[in-house]
2 protein chains.
Amino acid sequence: MKITYKGDYSLKVILELACSYPDKLIHIEEISRKQDIPRKFLEQILLNLKRGGFLISKKGAKGGYSLARAPRDITLGEVVRYIEGSVYPISCIDCDTPSPCNEISSCVFAPVWRTVGDSISTIIDGVNFETLKEDYLLRKNGYIPDFQI
Amino acid sequence: MKITYKGDYSLKVILELACSYPDKLIHIEEISRKQDIPRKFLEQILLNLKRGGFLISKKGAKGGYSLARAPRDITLGEVVRYIEGSVYPISCIDCDTPSPCNEISSCVFAPVWRTVGDSISTIIDGVNFETLKEDYLLRKNGYIPDFQI
DNA sequence: GAATAATATATTATTTTTTTGTAGAAAGTA
DNA sequence: TACTTTCTACAAAAAAATAATATATTATTC
């Protein structure tokens, strides 16, 4: 039930780019440094996010990455679902070609997992990157103590 | 965000044993056959569930496994948390000795993950194995036996 | 004592995740 | 054009987590 590094990194990338939206193009090296993500791994992640329609890029000198949409129009939910796949804890619920399952015992738990998945979606769909960015900038400037510890 | 086989198997084991609670001891081979779980893997799972206080066992001929408590007193939530660990999607929220995290960007997401984890817990803590068992037997046999506990 | 079944520990196998490497294509700059 | 920077693609190695198997031991019943 954990978020992977790939997912975690992806969220940080979008958060970072949200901070310079809409003007600047940020290049890989800078994102890698600021968010402490391995350079080559980050390249894959950026490419993947671009395919998902979250980023745009510009090649060549002075090139780099930028958000494809306004931070307010990107929700945590759509990014997580794109990167991590379904939020349902079992796979039989929402796959495109659900095979008729002959395990009755699994079906007993399925409604619970459906409820869980729906609940997760509701929560993360309600969070957008404009909000997250504002929170991020406040924390960076020292106005809000770090969460938890 | 998926349940592992270990977790899935564990839930099926408890569901199966709930059906013969409180009288009978069921031995590994029978559980393995009925719920289609690899025999040796199942041994580990049963041992683990026993350590967690969910099962009791008896060695030797006529030995086997049984639930340690009534199905109604075992919730889906406590089993899942025992087997899969925390339901929080990131680890820094509820570990015993949380190290002060110096990644501000992670802290921006943390409150969301806390909400998600809390929501998951609320849902799965509300489901007990008596309910699941009744549903299971209904699906399997089309009626609920009259010797309910 | 023989058969049965749980217990313990170790090891192998498989899959997924994370990371790195090499090569090339596109775009900007001088 | 030559050159540099940066994105793009594919491959593959390294690491970690998961799933499954093997061997030997201990306890119980008959």
Side-chain angles (χ1 to χ4, degrees), chain A residues 1-13 16-17 20 24-68 80 82-86 89-91, chain B residues 1-13 16-17 20 24-68 80 82-86 89-91:
Chain A
M1 308 285 275
K2 291 278 180 292
I3 280 267
T4 63
Y5 268 89
K6 187 175 153 196
D8 183 57
Y9 288 161
S10 298
L11 297 179
K12 287 178 180 172
V13 163
E16 183 64 37
L17 292 178
S20 48
K24 292 201 293 184
L25 285 172
I26 312 293
H27 59 263
I28 294 182
E29 198 52 45
E30 186 177 347
I31 303 173
S32 170
R33 197 178 59 250
K34 284 193 177 172
Q35 295 291 341
D36 196 30
I37 305 172
R39 164 69 194 253
K40 293 297 290 180
F41 196 15
L42 179 56
E43 287 183 14
Q44 293 179 54
I45 285 163
L46 288 166
L47 224 40
N48 190 36
L49 286 172
K50 187 186 173 184
R51 288 197 196 97
F54 298 101
L55 309 183
I56 56 174
S57 66
K58 195 181 171 194
K59 288 185 175 182
K62 311 281 182 176
Y65 282 92
S66 169
L67 287 191
V80 168
Y82 176 71
I83 300 296
E84 303 277 346
S86 159
I90 56 175
S91 50
Chain B
M1 308 285 276
K2 291 278 179 290
I3 280 267
T4 63
Y5 267 89
K6 188 175 152 196
D8 183 57
Y9 289 160
S10 297
L11 297 179
K12 287 178 179 172
V13 163
E16 182 64 38
L17 292 177
S20 48
K24 293 200 295 185
L25 284 173
I26 312 292
H27 59 261
I28 294 181
E29 197 53 44
E30 186 177 346
I31 303 173
S32 170
R33 200 177 57 250
K34 284 192 177 173
Q35 295 290 342
D36 194 30
I37 305 172
R39 164 70 195 251
K40 294 299 289 184
F41 196 15
L42 179 57
E43 288 181 13
Q44 291 180 57
I45 286 163
L46 288 165
L47 226 39
N48 189 36
L49 284 172
K50 186 188 174 183
R51 290 199 192 96
F54 298 101
L55 310 183
I56 55 173
S57 65
K58 195 182 172 193
K59 285 186 178 183
K62 309 278 181 177
Y65 283 93
S66 170
L67 287 190
V80 168
Y82 176 70
I83 300 295
E84 304 277 346
S86 159
I90 55 176
S91 51

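Order of the sequence lines fixes the chain letters, A, B, ..., with proteins taken first and strands second; residue numbering starts at 1 for each chain.
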Handout entry: No-H, no-angle donor-acceptor pair, A/E29 side chain to D/dT6 base, under 3.5 Å
Key = no
Practice task
Scan A/F41 against the nucleic acid and name what it touches under 4.0 Å (heavy atoms): base, sugar-phosphate only, or nothing.
Solution key: base
Completion exercise
DNA chain C nearest-nucleotide lookup for A/P38 and A/K58: closer to the 5′ end is A/P38
Fill in the blank from the handout: side chain to side chain contact (heavy atoms under 4.5 Å, CB included) test vs B/Y65 passes for just one of B/L55, B/I26, B/I56, B/L42, namely B/L55
Exercise for the section: Locate the shortest heavy-atom distance separating A/E84 from A/G7; write the atom from each residue and the value. Expected result: OE2-CA, 3.3 Å
Handout entry: Rounded distance in Å - NE2 (A/H27) to P (D/dT8)
Key = 15 Å
Exercise for the section: Respond yes when some side-chain nitrogen or oxygen of A/R39 is under 4.0 Å from OP1 or OP2 of C/dG21, and no when none is. Expected result: no
Exercise for the section: Taking the side chain as every heavy atom from C-beta outward, state whether B/I31 and B/L17 have any pair of such atoms under 4.5 Å apart. Expected result: yes
Handout entry: Whole-Å gap separating P (D/dA19) and CD1 (B/I83)
Key = 12 Å
Problem - Atom of B/K2, atom of A/S86 and distance for their closest heavy-atom approach - result: NZ-O, 3.4 Å
Handout entry: D/dA15 phosphate, OP1 or OP2, under 4.0 Å from A/Y5 side-chain N/O
Key = no
Exercise for the section: Could you check whether B/I28 gets within reach of a base, just the sugar-phosphate, or nothing at all, counting any heavy atom under 4.0 Å? Expected result: sugar-phosphate
Fill in the blank from the handout: Between CD1 of A/I31 and P of D/dT6 the distance, given in whole Å, is 12 Å
Problem - A/R51 side chain near D/dC7 phosphate (N/O to OP1/OP2, under 4.0 Å) - result: no
Handout entry: Phosphate contact (C/dT18 OP1 or OP2) by A/K6 side-chain N/O below 4.0 Å
Key = no
Problem - Earlier contact from the 5' end, DNA chain D, for A/G63 and A/Q44 - result: A/G63
Handout entry: Whole-Å distance separating the NZ atom of B/K50 from the C1' atom of D/dA27
Key = 11 Å
Practice task
Determine whether any donor atom in the side chain of A/K40 lies under 3.5 Å from an acceptor atom in the base of C/dT18, or the reverse, and answer yes or no.
Solution key: no
